[in-house]
Amino acid sequence: MTTLAIIGGTGLTQLSDLNIIKREELNTPYGSPSAEFVTGELNNTRIIFLARHGDPHSIAPHKINYRANIWGLKQLGVEQIIAVAAVGGITSEMIPAHIAIPDQIIDYSYGRKHTFFDDEAVTHIDFTYPYSQKLRSRLISAARDANIKVSPLGTYGCTQGPRLETAAEIQRMEKDGCDLVGMTGMPEAALAKELDIEYAAISVVANWAAGKTAGEITMAEIERHLHKGMANTAELLKAFVG
Ligand code: HPA
């Protein structure tokens with residue numbers, strides 16, 4: 001059986017429907033992962049859960065040890081990852097609390113340890129399609145079966161954070177073709193590809209991106225929309241594994 005992992009982001013530090021079997025602390029050649037790896041059963045399917053920002057949520061996007069997280073999952077035999085993350089909505093379909101299954105990435109982050117191929121012979125992985133088409137299709141069908149509306153396509157722009165963007169930065173990202181903006185999609189997706197792990201993302205819109213509405217983005221607004229979006233995400237994950 002294929003070993004599946006779910007990486008939870010802001011708003012999904014724990015999976016409440018997971019029947020926990022064990023928790024493992026791992027060390028890796030790249031340092032410590034964000035949290036313990038939690039093995040459990042979700043809808044009768046065994047999965048491994050990892051809280052990307054730690055549990056409790058305490059690690060900022062630019063400080064996450066993405067290499068240790070992905071290496072740890074590989075060590076545990078993980079072959080597929082569904083990565084859940086909060087995002088800002090840029091294009092008109094990406095309204096707060098909505099879910100998208102992105103198909104493309106533009107990386108604006110910098111200074112992150114973004115490869116396992118630092119010291120060895122130079123290796124260039126193909127990254128034309130950063131997400132697993134197979135996992136994306138399965139997520140989209142599971143959403144249809146569970147009656148959850150999702151956008152089946154979208155370009156995810158990864159910013160450095162932890163601050164949110166300026167209105168001009170979002171305008172530029174929209175011109176570049178981004179539909180969504182988040183802070184954690186990279187280098188996570190590329191590291192998974194380097195280790196030959198299938199990877200797809202569930203992007204949960206927490207707010208309109210900067211400049212898309214009058215006024216400032218508040219944490220209260222983000223929390224409110226995430227609450228709703230993550231409830232749908234939990235249902236989607238159950239349908240996906242079932
Ligand atoms: N920008 C970047 N990351 C985010 C946002 C945003 O507006 N909302 C949630 N994560």
Side-chain angles (χ1 to χ4, degrees), residues 6-14 34 50-66 69 82-112 114 130-131 150-151 153-190 199-234 236-237:
I6 295 170
I7 302 181
T10 302
L12 196 74
T13 299
Q14 295 172 356
S34 295
L50 177 68
R52 185 187 286 114
H53 296 274
D55 182 12
H57 186 294
S58 58
I59 311 170
H62 64 293
K63 291 225 168 134
I64 290 167
N65 191 339
Y66 295 96
N69 288 352
I82 301 296
V84 180
V87 295
I90 299 179
T91 45
S92 60
E93 200 175 311
M94 304 302 175
I95 61 177
H98 183 63
I99 292 174
I101 312 298
D103 66 317
Q104 276 297 334
I105 297 176
I106 300 179
D107 189 9
Y108 303 88
S109 70
Y110 49 85
R112 300 181 180 190
H114 64 285
Y131 299 109
V150 301
S151 294
L153 294 169
T155 296
Y156 174 106
C158 185
T159 56
Q160 178 69 355
R163 67 165 177 83
L164 296 169
E165 299 69 38
T166 67
E169 283 168 339
I170 292 297
Q171 269 177 27
R172 179 180 76 146
M173 290 178 76
E174 187 165 12
K175 274 196 216 131
D176 286 352
C178 295
D179 299 290
L180 306 156
V181 54
M183 300 175 190
T184 57
M186 286 293 284
E188 197 174 84
Y199 180 99
I202 299 177
S203 296
V204 185
V205 182
N207 55 279
W208 282 114
K212 288 284 159 187
T213 49
E216 296 183 358
I217 300 165
T218 66
M219 283 312 290
E221 167 196 356
I222 289 183
E223 275 162 26
R224 186 161 38 88
H225 295 130
L226 266 189
H227 188 70
K228 189 168 162 213
M230 288 300 171
N232 280 336
T233 299
L236 172 55
L237 287 170

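Ligands are counted one by one from 1 in listed order, and the atoms in each one are counted from 1 as well.
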S.K.: State, with a plain yes or no, whether a side-chain heavy atom of Leu236 is found less than 4.5 Å away from one of Ile82.
M.R.: no

S.K.: Is Asp55 reaching over with its side chain to a backbone N or O of Gln14, donor-acceptor style, under 3.5 angstrom?
M.R.: no

S.K.: Does some side-chain heavy atom of Ile170 sit less than 4.5 Å from a side-chain heavy atom of Ile90?
M.R.: yes

S.K.: When you look for protein heavy atoms under 4.0 Å from ligand 1, which residues do they belong to?
M.R.: Ala86, Val87, Gly88, Leu164, Glu165, Val181, Gly182, Met183, Asn207

S.K.: By the side-chain hydrogen bond (donor to acceptor under 3.5 Å, both in side chains) test, which pairs, at least two apart or in different chains, include something from residues 204-227?
M.R.: Glu174-Lys212

S.K.: With a cut-off of 3.5 Å and sequence neighbours excluded, list every side-chain donor-acceptor pair involving residues 177-188.
M.R.:
| from | atom 1 | to | atom 2 | distance (Å) |
| --- | --- | --- | --- | --- |
| Asp179 | OD1 | Thr91 | OG1 | 2.8 |
| Asp179 | OD2 | Thr155 | N | 2.8 |
| Glu188 | OE1 | Arg52 | NH2 | 2.9 |
| Glu188 | OE1 | Tyr199 | OH | 2.5 |
| Glu188 | OE2 | Arg52 | NE | 2.8 |

S.K.: According to ring-ring contact (aromatic ring centres under 6.0 Å, His included), who are the partners of His57, at least two apart in sequence or on a separate chain?
M.R.: His53

